[in-house]
Asks: 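Okay, handing you the structure first.
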2 protein chains.
Amino acid sequence: MDAAPKRILIADDEPDILEIVSYNLQNEGFEVYTAKNGDEAIERAKILHPDLIILDIMMPKKTGVEVCNILRSQSLFQETIIIFLTALSDEGSQIKGLETGADDYISKPISPKVLISRVNALFRRLNKEKGKTINVGNVCIDPVRFNVAVNNNNIILAKKEFELLHLLASKPGRVFLRNEILTQIWGTDVIVGDRTIDVHIRKIRQKLELDCITTVKGVGYKFEL
Amino acid sequence: MDAAPKRILIADDEPDILEIVSYNLQNEGFEVYTAKNGDEAIERAKILHPDLIILDIMMPKKTGVEVCNILRSQSLFQETIIIFLTALSDEGSQIKGLETGADDYISKPISPKVLISRVNALFRRLNKEKGKTINVGNVCIDPVRFNVAVNNNNIILAKKEFELLHLLASKPGRVFLRNEILTQIWGTDVIVGDRTIDVHIRKIRQKLELDCITTVKGVGYKFEL
DNA sequence: TTTTGTGTAAACTTAAGGTTAAGAACATGG
DNA sequence: CCATGTTCTTAACCTTAAGTTTACACAAAA
């Protein structure tokens, strides 16, 4: 769902820095925009609504700290991640930077790799709740939202149906024995009839309108596209 | 609401570091706990549920990275802020650290002031996610003013109703288990009957005149437009 | 053909929520 | 401190649809 590329705005007065940093971030799949000074940074930020802004502290026409203050005072930029990038590695400015409301602070010279790692770490924290979703082809199963989407159409499954699909899809291609399914979903102490699984399978097939669950006669079921 | 002091766990094998860092953090009003090695860190984390964990990378009985991996694999520690603290300032370990799912990375020797600034910056970011107004479609929830607006019509909700709506709307689309709702809103020690949540949900649905709370039978509720 | 295993539809059972009203618990303003 | 109004919780009952079973049809293998 949230597959839109993250938008990053970098503001620095040194063209070299802009180029190196944007080159590396673009390679990581980010959408990168640049600004040469503080005013331009603010202007572009208002138009672009970036997810993350990297600000050089020492810039003409408003310093990074000033830019940060201005942006943070607007509700639109409360969410935006802001990183300061600067040659000053002295403690005083580090503290000032973080107190302004920046999320991170990196001293130059810095390797692109470290920058990228930090950027990713910040995005990771912002996102959370990912990785858990299962994506197989055009089927997307999200255990947190408890919903299933096929070709981006949400489909409502009942609890047991969802659990069953989730189990099968957790290892696409692998066959689950009927017994295995029973113990995984119903537990060892609950005993249900033979046709119960079939009925649930049927309902899933019906609702998904997609032939993704294959019967392996005498053995069990598997999820496959 | 969230006036409880933040709980911080520090793990390092050097007693000096533990003392300096905890002294400084305590002065800032944090509740500080310590661990001497990786295993102890995990053990104490499970009992204490700290808001933030500072891990030395080089520790006996599991390194900081190992501890981070173990904790992050548990849902309880998904939200916890983790900072690595280490003497290694080489690039490689910085990257590895951040990719493990840490939120920040600080090299020794580091001044207590900088550490505190970073800790505060991380907490600030975390808090921002509370207290801020939630806007989903034509629904606007402002926890500061304590009011809800649908299509710019203010609606008066009682406290519990508001808390419940705010919780659900904080992660639109995500399903909240009944248990989760109970602990988030009523706390762990208060015990309320089974139908209590339902009644509040009903009132919200009634007042909002909008079908935005979906029941997921056998699971919980979710906010969705 | 018989056996074995699965698909399907419909009927049944029941657990999970919805609804309502009533009375505690709490707050507010004289 | 009481009167009043509001919010919260509970209990009893109602409704719904999830989950299961039954019964039978069908297909493939033996």
Side-chain angles (χ1 to χ4, degrees), chain A residues 143 146-148 154-168 175-224, chain B residues 1 141 143 146-148 154-168 175-224:
Chain A
F146 209 84
N147 74 9
V148 179
N154 278 7
I155 289 162
I156 294 157
L157 294 186
K159 196 182 164 201
K160 280 265 145 54
E161 290 158 22
F162 186 86
E163 289 175 347
L164 183 47
L165 177 63
H166 186 248
L167 175 67
L168 294 180
V175 180
F176 287 82
L177 313 179
R178 293 174 90 89
N179 258 336
E180 223 175 325
I181 295 172
L182 284 175
T183 51
Q184 288 280 330
I185 295 186
W186 278 267
T188 42
D189 25 56
V190 184
I191 295 151
V192 288
D194 238 17
R195 298 275 65 74
T196 305
I197 293 179
D198 310 13
V199 173
H200 284 294
I201 292 281
R202 170 178 155 62
K203 289 215 168 155
I204 294 170
R205 296 212 248 237
Q206 219 171 36
K207 287 189 181 174
L208 293 200
E209 294 176 326
L210 185 68
D211 193 24
C212 58
I213 296 176
T214 314
T215 306
V216 184
K217 255 194 156 177
V219 187
Y221 295 94
K222 67 174 165 177
F223 183 91
E224 211 173 34
Chain B
M1 187 190 270
I141 301 165
F146 207 81
N147 75 6
V148 179
N154 279 7
I155 289 163
I156 295 157
L157 293 186
K159 195 180 161 206
K160 279 268 142 56
E161 289 158 22
F162 186 86
E163 287 175 348
L164 184 47
L165 177 64
H166 183 252
L167 175 66
L168 295 180
V175 178
F176 288 81
L177 313 180
R178 293 175 88 88
N179 259 335
E180 225 173 322
I181 295 172
L182 284 175
T183 51
Q184 289 279 330
I185 295 187
W186 279 267
T188 42
D189 25 55
V190 185
I191 295 151
V192 288
D194 239 16
R195 298 273 68 71
T196 305
I197 294 179
D198 312 10
V199 173
H200 285 293
I201 291 279
R202 171 177 154 66
K203 289 220 165 154
I204 294 170
R205 296 212 248 235
Q206 219 170 33
K207 288 188 182 175
L208 294 200
E209 295 176 326
L210 185 67
D211 193 23
C212 58
I213 296 177
T214 314
T215 305
V216 184
K217 251 195 160 177
V219 186
Y221 294 93
K222 67 174 162 177
F223 182 92
E224 211 172 34

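So you know, we letter chains A, B, ... as the sequences are listed, proteins then strands, and number each from 1. Computed from a predicted structure; not experimentally measured.
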Asks: So, is A:Thr196 near the phosphate of D:dT21, with a side-chain N or O under 4.0 Å from OP1 or OP2?
Replies: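 Answer yes for this pair, as a side-chain N or O of A:Thr196 is under 4.0 Å from OP1 or OP2.
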
Asks: What is the distance from CG of B:Asp198 to C1' of C:dA21, rounded to the nearest Å?
Replies: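 So the two atoms are 16 Å apart, to the nearest Å.
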
Asks: When you match A:Ala158 and B:Val199 each to their closest nucleotide on DNA chain D, which lands nearer the 5' end?
Replies: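 Nearer the 5' end of the strand: B:Val199.
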
Asks: Could you tell me the separation between the NZ atom of A:Lys159 and the P atom of D:dA17, rounded to a whole number of Å?
Replies: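 For the pair A:Lys159 NZ and D:dA17 P, the rounded distance is 18 Å.
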
Asks: Under 4.0 Å from OP1 or OP2 of C:dA16: is there any side-chain N or O of B:Tyr221 that close?
Replies: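 Result: no.
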
Asks: Measure across A:Ile197 and A:Tyr221 and return the closest heavy-atom pair with its distance rounded to 0.1 Å.
Replies: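 Scanning both residues, the minimum pair turns out to be CG2-CE1, 3.8 Å.
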
Asks: Flag the pair A:Leu208 / A:Leu165 as yes when at least one side-chain heavy-atom distance between them is below 4.5 Å, and no otherwise.
Replies: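 The answer is yes, as the side chains (C-beta and beyond) meet within the 4.5 Å cut-off.
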
Asks: Can you tell me if A:Arg195 touches the phosphate of D:dT20, counting only side-chain N or O atoms and a distance under 4.0 Å to OP1 or OP2?
Replies: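 No, outside the criterion.
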
Asks: Quickly work out the A:Ile197 CD1 to C:dT8 P distance and round it to whole Å.
Replies: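 Roughly 16 Å, once rounded to whole Å.
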
Asks: Using a cut-off of less than 4.0 Å, is there contact between a side-chain N or O of A:His200 and OP1 or OP2 of D:dT20?
Replies: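 Yes.
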
Asks: Check the distance between D:dT20's P and A:Ile185's CD1 and give it to me in whole angstrom.
Replies: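 So the CD1-P distance, A:Ile185 to D:dT20, works out to 10 Å.
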
Asks: Whole angstrom is fine here: how far is it from NZ in A:Lys207 over to P in C:dT8?
Replies: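 My rounded result for the distance is 16 Å.
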
Asks: Which of these, B:His166, B:His200, B:Lys207, B:Arg202, sits in a side-chain hydrogen bond (donor to acceptor under 3.5 Å, both in side chains) with B:Glu161?
Replies: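 Answer to the side-chain hydrogen bond (donor to acceptor under 3.5 Å, both in side chains) test with B:Glu161 among B:His166, B:His200, B:Lys207, B:Arg202: B:Lys207.
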
Asks: Indicate, with a heavy-atom threshold strictly under 4.0 Å, whether B:Val219 touches base, sugar-phosphate, or nothing.
Replies: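 Touches sugar-phosphate only.
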
Asks: Tell me whether the side-chain N/O atoms of B:Arg202 come closer than 4.0 Å to OP1 or OP2 in C:dT19.
Replies: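 Affirmative; the distance criterion is met.
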
Asks: Is B:Arg178 close enough to C:dG17 that one of its side-chain N or O atoms is under 4.0 Å from OP1 or OP2 there?
Replies: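 Yes, because at least one side-chain N or O of B:Arg178 sits under 4.0 Å from OP1 or OP2 of C:dG17.
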
Asks: Whole-Å distance between C:dC26 P and B:Lys160 NZ?
Replies: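 Distance check: B:Lys160 NZ to C:dC26 P gives 10 Å.
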
Asks: For B:Thr215 and C:dG18, is the shortest distance between a side-chain N/O and OP1 or OP2 below 4.0 Å?
Replies: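 For C:dG18, OP1/OP2 do have a side-chain N/O of B:Thr215 under 4.0 Å.
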
Asks: Should B:Trp186 be listed as having a side-chain N or O under 4.0 Å from OP1 or OP2 of D:dC8?
Replies: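 No, because none of the side-chain N or O atoms of B:Trp186 sits under 4.0 Å from OP1 or OP2 of D:dC8.
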
Asks: Give me the atom names and distance for the closest heavy-atom approach of A:Arg205 to A:Thr215.
Replies: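 Smallest interatomic distance, heavy atoms only, reads NH2-OG1, 3.3 Å.
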
Asks: Closest nucleotide of DNA chain C for A:Gly218 versus for A:Gln206: which of these residues is on the 5' side?
Replies: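 Nearest nucleotide further toward 5': that of A:Gly218.
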
Asks: Taking atom C1' of D:dT7 as reference, at what distance in whole Å does atom CD1 of B:Ile156 sit?
Replies: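 Computing the B:Ile156:CD1 to D:dT7:C1' distance gives 13 Å.
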
Asks: Taking CG from A:Asp194 and P from D:dC24, how many angstroms apart are they, rounded to a whole number?
Replies: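 Spelled out: CG on A:Asp194 to P on D:dC24 is 17 Å.
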
Asks: Flag the pair A:Asp198 and A:Arg178 as a salt bridge only when some basic side-chain nitrogen lies within less than 4.0 angstrom of an acidic carboxylate oxygen.
Replies: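 Salt bridge flag = yes for A:Arg178 with A:Asp198.
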
Asks: Between the base of C:dT4 and the side chain of A:Lys217, is there any donor-acceptor pair under 3.5 Å?
Replies: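 Absent.
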
